[in-house]
Amino acid sequence: MNKGELVDAIAESTGVTKKQADTTLSAAIEVIIDAVSSGEKVTLVGFGSFEARDRKAREGRNPKTGEKMTIPASKAPAFSAGKLFKEKVKP
């Protein structure tokens, strides 16, 4: 499902227009991105949590040359599915 299909499904299930659903979804995504990028954890009970996680510096290899290199420490966005979400997906 892509964003357009998600907007269509939201509009159909809530009875709002597609434009209103798109505006709301876009705003929710933007708020989550802003919160996580500023170091906050966003938890949606039953769905999951979004947060920034630290990655330690590590040693890697250049795939072209095989030469060893140091990969610097960084932060990466992460999502952890909630219990209800996991149970729904589990066969």
Side-chain angles (χ1 to χ4, degrees):
M1 175 182 285
N2 61 33
K3 184 179 177 186
E5 293 167 340
L6 182 58
V7 167
D8 291 345
I10 291 169
E12 187 177 315
S13 68
T14 60
V16 299
T17 66
K18 289 182 184 181
K19 185 173 182 176
Q20 290 170 322
D22 183 43
T23 301
T24 303
L25 178 60
S26 295
I29 291 169
E30 189 174 317
V31 168
I32 291 170
I33 291 171
D34 289 344
V36 172
S37 66
S38 67
E40 292 181 58
K41 182 175 182 178
V42 178
T43 303
L44 304 172
V45 176
F47 181 68
S49 300
F50 299 89
E51 64 183 328
R53 291 192 184 144
D54 292 322
R55 288 186 177 169
K56 295 179 182 178
R58 60 198 188 279
E59 192 174 282
R61 292 192 179 271
N62 181 329
K64 286 187 178 179
T65 64
E67 182 182 334
K68 288 184 180 181
M69 58 189 282
T70 300
I71 301 168
S74 64
K75 283 189 177 248
F79 173 75
S80 299
K83 184 179 177 183
L84 181 63
F85 190 6
K86 287 179 186 177
E87 289 173 358
K88 285 274 195 176
V89 174
K90 194 189 302 185

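Predicted, not measured: the structure shown is a model, and the values here were computed from it.
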Counting only heavy atoms not in Glu87 (residues, nucleotides, ligands), do more than 12 fall under 6.0 Å from its CD? yes

Inspect the surroundings of NZ in Lys41 and state if more than 12 heavy atoms from other residues, nucleotides or ligands are less than 6.0 Å away. no

Minimum heavy-atom separation for [X] to [Y], with atom names?
| X | Y | answer |
| --- | --- | --- |
| Leu84 | Gly46 | CB-O, 3.5 Å |
| Val36 | Ala52 | CG1-N, 3.6 Å |
| Ser49 | Thr43 | OG-OG1, 3.4 Å |
| Ser26 | Lys3 | OG-NZ, 2.7 Å |
| Lys68 | Arg61 | CE-NH2, 3.4 Å |

Distance (rounded to the nearest 0.5 Å) between [X] [atom1] and [Y] [atom2]:
| X | Y | atom1 | atom2 | result |
| --- | --- | --- | --- | --- |
| Ile33 | Ser38 | CD1 | OG | 12.0 Å |
| Arg55 | Lys75 | CZ | NZ | 12.5 Å |
| Lys83 | Lys88 | NZ | NZ | 14.5 Å |
| Leu44 | Ile32 | CG | CD1 | 5.5 Å |

According to a hydrophobic-cluster definition based on side-chain heavy atoms being under 4.5 Å apart (Ile, Leu, Val, Met, Phe, Trp, Tyr only), do [X] and [Y] belong together?
| X | Y | value |
| --- | --- | --- |
| Val42 | Val45 | no |
| Ile29 | Leu6 | yes |
| Phe47 | Val89 | yes |

Donor-acceptor pair, side chain of Glu12 and main chain of Ala9, under 3.5 angstrom: no

Can you list the residues that meet the side-chain hydrogen bond (donor to acceptor under 3.5 Å, both in side chains) rule with Ser80, with sequence neighbours excluded? Arg53

With sequence neighbours excluded, residues passing side chain to side chain contact (heavy atoms under 4.5 Å, CB included) with Val16: Thr14, Gln20, Ala21

Hey, what's the ring geometry for Phe79 with Phe50, parallel, tilted or perpendicular (30° and 60° as the breaks)? tilted

